[in-house]
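To find a chain, count down the sequence lines: A is the first, B the second, and so on, and within it residues start at 1.
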Amino acid sequence: MLTSNNKDNLNFNIDRFYKNYLKGPNIFRKRDALDPSYVPDELPHRDKEIRKVAEFTACALKGDTPPNFLCYGPTGTGKTATIRYVSQKLAQQTLTPQPWWIYINCSVVSTPYRILAHIYNTITGKEKIPPTGLPKDIIFKKLLGLMDQMIGNGICFLVLDEIDMIAEKKGGNEILYDLTRLNENLDLCKTCLIGISNKLKFQDSLDPRVVSSLGKEHIVFSIYNAGQLIDILENRALIAFSEGVLGKGVISLCAAYAAQEHGDARKALQLLKKAGNLAERSQNKEVTEHFVNRAVNELEKDHITEYIKGMPIQAQIILAAIYLLSKWNPNSVIITGFVNDVYAELVTKIPGIKRLTKRRISDYINDLVLAGIITADTKSMGHYGRTKIIKLDVDLELIKKTLSKIPKVREVLNNKPSILQSDRLVYKNNIFKKLI
DNA sequence: TATCCACAGGAAATCAGGGTGT
DNA sequence: ACACCCTGATTTCCTGTGGATA
């Protein structure tokens, strides 16, 4: 029943909100221009790289098969953007038939089977291959037939983004090897494989046969410095923002922040967009440095919250265990064993959740480290064994706020686990404190 | 100086859940 | 109904290890 104590809900007038929103300042002209997927007409400071990609792919114009090649470089250095840019330019040349470009993000399409299925489904434009069920070699044969039929004597560029993700997986080398050898099995159509990776050393995990075919040619993308980032941002800001809304120093501040983060252009663009959004939301006519500073904070928080929300329930419970340990024993040391103990207690309180083995928990702890939520340094305590010293790297309140939004975890968040008072834990804690 | 703790983390096996074609 | 395929999560089994302690 709705009563007057539900004022907040009743007082929000959505129609008035929309009206005000539309009446408010027009910060953006084309917000999308700040998205990572947007391909601008110009890519500043990537001339060398564009030229190399153009050189590799140019022979397609004469009907030859371009060599397979790799693009290396940290995140936000314009690898994908460069490929997309060149692909657009190439399409503007007189090419008949037009080449196919199939983009595969290996962190999303993450198994050999799905890569084949994705290529197949992209070419047909329909979900012809089910997400699972068929033997790989059958799909491979079907794909060969389809490519010859649909692409004819044209060229198909296969762009494997984050190729390291697949290379490190079981069966990953086989699929890459098969893909590099597509041309030998095709009668009409030609293919060119382009691998994109932000790990410079990922070739180590590749099969030598794949390296010899894919890694012979490569392009290294270097990070942008602050000056270059400013150029990129100005370029995009011109398209994205309405005239005169950007305050003085906003772009250079974004660039400076991103330059600290290893010259990541994607970060810089994200920051600028978020600052714009914040200004818009507070009905401000101008995007000022103040909003950039707020954007830095919020982006960090957004990233953490989104990550935690997306984690499997088991990982969330493990994080809850670490949270409870830091909350109730702020001065004590947190080690793997304690996390295991508290986790075990929490699991018994949450219905429908099976208790995981220590081995699995160990992996989840490593995932949390990778996500930047905790730090865990392996340390030897001599006679007391080797373990990890775990510390929360994120504000306690933020963790609490995020975990409380997860129904099953919320229940266990407020009670102090009884294991925290156990003699064993207190005793060990005292020893470890001295050892560290 | 050998011992031994409490784990770390690699490799392979297993399981459940989604499918296939015949 | 059946044999078989693929995936992702997890378990099982295992070997390795740094340094305080006896």
Could you give the OH-to-C1' distance, from A/Tyr113 to B/dG17, as a whole number of Å?
-> 14 Å
Rounded distance in Å - CG (A/Asp363) to C1' (B/dG10) | 10 Å
Taking OP1 and OP2 of C/dT7, is either one under 4.0 Å from a side-chain nitrogen or oxygen of A/Thr111?
-> yes
Within the structure shown, what part of the strands sits under 4.0 Å from A/Tyr364 by heavy-atom distance: base, sugar-phosphate, or nothing?
-> sugar-phosphate
Rounded to whole angstrom units, what separation is found between the CZ atom of A/Phe338 and the P atom of B/dC7?
-> 8 Å
Nearest 0.5 Å, what's the CD-CG distance between A/Gln270 and A/Asn277?
-> 11.0 Å
Does a nitrogen or oxygen in the side chain of A/Thr336 sit under 4.0 Å from OP1 or OP2 of B/dA8?
-> yes
When A/Ile335 and A/Pro131 are each assigned the nearest nucleotide of DNA chain B, the 5'-most assignment goes to A/Ile335
Is the phosphate of C/dG8, meaning OP1 or OP2, less than 4.0 Å from a side-chain N or O of A/Ser110?
-> yes
Whole-Å distance between C/dC5 C1' and A/Phe140 CZ?
-> 18 Å
Give one of base, sugar-phosphate or nothing for A/Lys388, where a contact means two heavy atoms less than 4.0 Å apart.
-> sugar-phosphate
From the list B/dC7, C/dC6, C/dT10, which nucleotide is the closest neighbour of the side chain of A/Arg360?
-> C/dT10
Taking atom types as modelled, find out whether A/Gln314 and A/Tyr343 have a side-chain donor-acceptor pair closer than 3.5 angstrom.
-> yes
Distance-only donor-acceptor test, A/Arg386 side-chain atoms vs C/dT17 base atoms, 3.5 Å = yes
Give a yes or no answer on whether the side chain of A/Asn153 reaches the backbone of A/Leu188 with a donor-acceptor pair at less than 3.5 Å.
-> no
Closer than 4.0 Å, any side-chain N/O of A/Asn366 to the OP1 or OP2 of B/dA8?
-> no
Quickly work out the A/Lys141 NZ to B/dG21 C1' distance and round it to whole Å.
-> 15 Å
Residues A/Asn68 and A/Thr180: side-chain donor-acceptor under 3.5 angstrom = no
Could you tell me whether A/Phe241 and A/Phe28 have their ring centroids closer than 6.0 angstrom?
-> yes
From CA spacing to verdict: salt bridge (charged side-chain N to carboxylate O under 4.0 Å, His left out), A/Lys273, A/Asp35 = CA-CA 8 Å; A/Lys273 185 177 174 186; A/Asp35 286 344; 2.6 Å; yes
Nearest of B/dG19, C/dG8, C/dT11 to any side-chain atom of A/Lys169?
-> C/dG8
When we call it a touch if two heavy atoms are under 4.0 Å apart, what does A/Thr132 touch: a base, just sugar-phosphate, or nothing?
-> base
Between CZ of A/Arg359 and C1' of C/dG16 the distance, given in whole Å, is 13 Å
Would you mind classifying the nucleic acid contact of A/Ile138 as base, sugar-phosphate or nothing, using non-hydrogen atoms under 4.0 angstrom?
-> nothing
Once you round it to whole Å, what is the distance between P of C/dT21 and NZ of A/Lys434?
-> 10 Å
Distance, rounded to the nearest Å, where A/Lys379 contributes NZ and B/dC5 contributes P | 20 Å
Just checking A/Lys358: base, sugar-phosphate only, or nothing, at a heavy-atom cut-off of under 4.0 Å?
-> nothing
Would you mind telling me which residue lines up with the more 5' stretch of DNA chain B, A/His383 or A/Thr378, judged by nearest nucleotide?
-> A/His383
